[in-house]
Student: 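First the structure, then my questions, so here it is.
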Amino acid sequence: MRLSQLLLPTVKEDPAGAEAVSHKLMVRAGLVRQLAAGIYVFLPAGWRVMRKIEAIIREEMDRIGCQELLMPVLQPADIWQESGRWDEIQEEMFRLKDRKGADMALAMTHEEVITWLAAREIRSYKQLPQLWYHIQTKERDEARPKSGILRTREFIMKDSYSLDRDVDGLQASYEKHMYAYDRIYDRCGLEYLMVDGDSGMMGGDISHEYMAYADAGEDEIAFCEGCGYAANVQLAGAGLDEEPQLEIPPFGDIETPGVRTIEEVAGFFGLPARAFMKALVVISEDEGPVMALLRGDHELSELKLRRVIGEFRLATGDEVLEAQGVEAGFVGPITTPLPVVADEALCSGVYLAGANKPDHHKSGVSAEQLAEATPAGVRFAELREARAGDRCPQCGEGRLKSARTIEIGNIFQLGLKYSVPMGATYLDEAGEERPIVMGSYGIGLARIAAAAIEQHHDERGIIWPRAIAPFDVHVALVRAGDETQRALAERLCGELPAAGFEVVFDDRDVSAGIKFADADLLGCPAQVVVGKRAAEGVVELKSRATGCREDVAVHDLGHALRALLASA
RNA sequence: CGGGGUGUGGCUCAGCUUGGUAGAGCGCUCGGUUCGGGACCGAGAGGUCGGCGGUUCAAAUCCGCCCACCCCGACCA
């Protein structure tokens, strides 16, 4: 591939508005261009990276016996209506009508098509298990596309689906995917970990997310270095430490004019935030208004509360007033007609809380009083979000640390969620009809590329892991006008590909500085500089990762390259 | 969807407050000198100033509406 002909539009300046390193570098290195918000063109070098990732995924999926097929992006509405998601999903799905006026959807995912296929083609237990996958474009009308290629409205995903007779079979298919995913991410040179996913409201469904460390990531995970525990912060268990009881005024009302937030109250009383109870009024879809209680220094994990009361939203100011008879800021559990869900940190200790009358707080509130003051009942549960420094909930020894990550894949035990409503069943040995037990498994290809850049770059540019680099070797001809140099470079660029290397050849008639800068930006693992010593048959070999350079005789170049690439 | 911001040659931006001839750097074209870490000199090409409407003798600049893009939040099978 000759750079004089290759569409590799490198740019010196960061694109306007780009924040994520991977976004800046992908644009600067000439890998991608943005067409619209969350919609990108992959340029030749960027597409080569995607193809490499795709090939690795394909190999590993094939290895576990997953069969590749291809499902359409454009889909009829009726299968989505059958699964119930036509109404369940709102703005996020692109919808359109065909010329006859029939409703159509652009695929956000392919569970419906898979289940439709399974319902038609799977009849007997003898056909199970099945593992199917495809690598296909997905369309999602994201509320907020961002961070370059990380969150887009159109993206390519490998998604696979398992069909099993029972939960044991599903577990086996699930574990096959874990095996494949580890190999895929390892081969792509990523540092990642698997965390517990949101089990959702279906109860019992198990899922895991694969997270790659990256500051530009949108997800925060909590993990314990001691025992390997890891989970999304929203979900992570938060161990509690014994803390000395604070001096709280005895039970009674205290006038606190205009003091509403925890910060203000803490300042007013000269006590730390953990001396207070904070009360949030939420509107549960199942239960109506509910009061959630947390210690002042804790934050609510919406996922954890959702497990207790189902889907909910925060109450508006008016709703708080209506439900509790006092404005937000002075709401408390003593006394309340609302059902109360309290974080278990409040099981012990004495606290200050809102007094349910304007400009007053109640002191000396303890767990015992909650039961009496709340006729609608109190439930204790872990509601608080984990934070760095919390005791590890698994081993109880280590301290949680937090890190930002990019979700590069997930695996999900769907169970009967689609097979039952869509009638995907099989006959077992006894001739009885049973629903197929399903799983679904995704990997975002571009996110792997972005995560690799986030993890492997320096101030000059990208440092690709060899397996997904656009090329293995970047050959730079220092002086395009020098016949000796050019002849040697041309010779190498004929021989190296024949020896199995993927080569990009910078044959442009531009200054050496530009060539070196572009080579570092693009980030191919090996650079071969054909320069001054060309007449002696000597070139310079540089490792992009280490920056080490050495002069190598042309006849040794193949070996030297192999050695360098093996370590990249 | 709520809050904030930005739209000016291909790219990154200045000009707008205080209305009056549209600018810089990079890139591009041509000529010359350079030639191992984004060279230099000279000569050029290239812009409906996001769109529509309004105010005005006059609008990139002031006002209104719309659109696009970015950031924070909400949302995210």
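Nothing here was measured: the structure is a model prediction, and the numbers come from that model. Note that these values count all heavy atoms, side chains included, but never hydrogens, waters or copies made by symmetry.
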Student: Apply salt bridge (Lys or Arg N to Asp or Glu O under 4.0 Å) to the pair A/E327 and A/R260, showing each step before the final yes or no.
Tutor: CA-CA 10 Å; A/E327 62 176 303; A/R260 287 184 177 79; 3.3 Å; yes
Student: Under 4.0 Å, heavy atoms only, any strand: does A/S147 hit a base, just the sugar-phosphate, or nothing?
Tutor: sugar-phosphate
Student: Need one value for A/D14: base, sugar-phosphate or nothing, where a base atom within 4.0 Å counts as base even if backbone is also close, heavy atoms only.
Tutor: sugar-phosphate
Student: When the C1' atoms of B/rG20 and B/rC67 are compared, how many Å lie between them, rounded to an integer?
Tutor: 29 Å
Student: Under 4.0 Å, heavy atoms only, any strand: does A/Q34 hit a base, just the sugar-phosphate, or nothing?
Tutor: sugar-phosphate
Student: Among residues 530-549 of chain A, which contact RNA chain B at a heavy-atom distance under 4.0 Å?
Tutor: A/G531, A/K532, A/E540, A/K542, A/R549
Student: Using heavy atoms to find the nearest nucleotide of RNA chain B for A/G38 and A/F155 separately, return the residue whose nucleotide is more 5′.
Tutor: A/G38
Student: Pick base, sugar-phosphate or nothing for A/A512, based on heavy-atom distances below 4.0 Å to the nucleic acid.
Tutor: sugar-phosphate
Student: For B/rU8 and B/rA24, measure between their C1' atoms and round to the nearest Å.
Tutor: 12 Å
Student: Give me the distance, rounded to whole Å, that separates B/rU12 from B/rU56 when you measure between the P atoms they each carry.
Tutor: 37 Å
Student: Roughly how far apart, to the nearest Å, are B/rG25 and B/rG31 at atom C1'?
Tutor: 23 Å
Student: Any base atoms under 4.0 Å from A/A37, or only sugar-phosphate, or nothing? Heavy atoms, all strands.
Tutor: sugar-phosphate
Student: What interatomic distance, in whole Å, is found between C1' of B/rC69 and the corresponding atom of B/rC30?
Tutor: 37 Å
Student: Name all pairs fulfilling the salt bridge (Lys or Arg N to Asp or Glu O under 4.0 Å) condition that reach into residues 279-289 of chain A, sequence neighbours left out, sorted by first residue then second.
Tutor: A/E287-A/R379
Student: Taking only residues two or more places apart in sequence or in another chain, which ones pass side-chain contact (heavy atoms from CB on, under 4.5 Å) with A/V503?
Tutor: A/V473, A/V475, A/C493, A/L496, A/P497, A/F501
Student: Give A/R460 one of three labels, base, sugar-phosphate or nothing, depending on what nucleic acid heavy atoms sit under 4.0 Å from its own.
Tutor: base
Student: Which residues pass the side-chain contact (heavy atoms from CB on, under 4.5 Å) test with A/R58, not counting sequence neighbours?
Tutor: A/E54, A/D62, A/E68, A/Y133, A/I135
Student: Are any of the side-chain heavy atoms of A/L541 and A/V528 separated by less than 4.5 Å?
Tutor: yes
Student: For a 4.0 angstrom threshold against heavy atoms of chain A, report the outermost contacting nucleotides of RNA chain B in 5' to 3' order.
Tutor: B/rC11 to B/rA77
Student: For RNA chain B, whose closest nucleotide is more 5', that of A/H23 or that of A/T109?
Tutor: A/H23
Student: Which pair of non-hydrogen atoms, one from A/A18 and one from A/K24, has the smallest distance, and what is that distance?
Tutor: O-CE, 3.3 Å
Student: Look at all strands and tell whether A/Q527 reaches a base, only sugar-phosphate, or nothing, counting heavy atoms closer than 4.0 Å.
Tutor: nothing
Student: With rounding to the closest Å, how many angstrom separate the C1' atoms on B/rG23 and B/rA60?
Tutor: 12 Å
Student: Hey, does A/A36 reach any base, or is it just sugar-phosphate, or nothing, if we go heavy atoms under 4.0 Å?
Tutor: sugar-phosphate
Student: In whole Å, measure the gap between the C1' atoms of B/rC70 and B/rU61 for me.
Tutor: 23 Å
Student: Please list, chain by chain and in numerical order, all residues satisfying side chain to side chain donor-acceptor pair (under 3.5 Å) with A/N232, sequence neighbours excluded.
Tutor: none
Student: Partners of A/H474 by ring-ring contact (aromatic ring centres under 6.0 Å, His included), sequence neighbours excluded?
Tutor: none
Student: Mind checking side-chain contact (heavy atoms from CB on, under 4.5 Å) for A/A273 and listing every partner two or more places apart, or none if nothing turns up?
Tutor: A/I262, A/D297
Student: Toss me the dot-bracket line for RNA chain B: Watson-Crick and G-U wobble, both under 3.5 Å, 5' to 3', using | for pairs to another strand and [ ] for crossers.
Tutor: (((((((..((((......[..)))).((((((.....)))))).....(((((..]....))))))))))))....
Student: Using 4.0 Å as the upper bound for N to carboxylate O, is an ion pair formed by A/R544 and A/D458?
Tutor: yes
Student: Sequence neighbours excluded, which residues qualify as ring-ring contact (aromatic ring centres under 6.0 Å, His included) partners of A/H457?
Tutor: none
Student: Test of understanding: with side chain to side chain donor-acceptor pair (under 3.5 Å), list the residues that count as partners of A/Q130, not counting sequence neighbours.
Tutor: A/Q67, A/W132
Student: Please name all residues satisfying side-chain contact (heavy atoms from CB on, under 4.5 Å) with A/A37, sequence neighbours left out, ordered by chain then number.
Tutor: A/P145, A/R153
Student: Roughly how far apart, to the nearest Å, are B/rG53 and B/rA59 at atom C1'?
Tutor: 13 Å
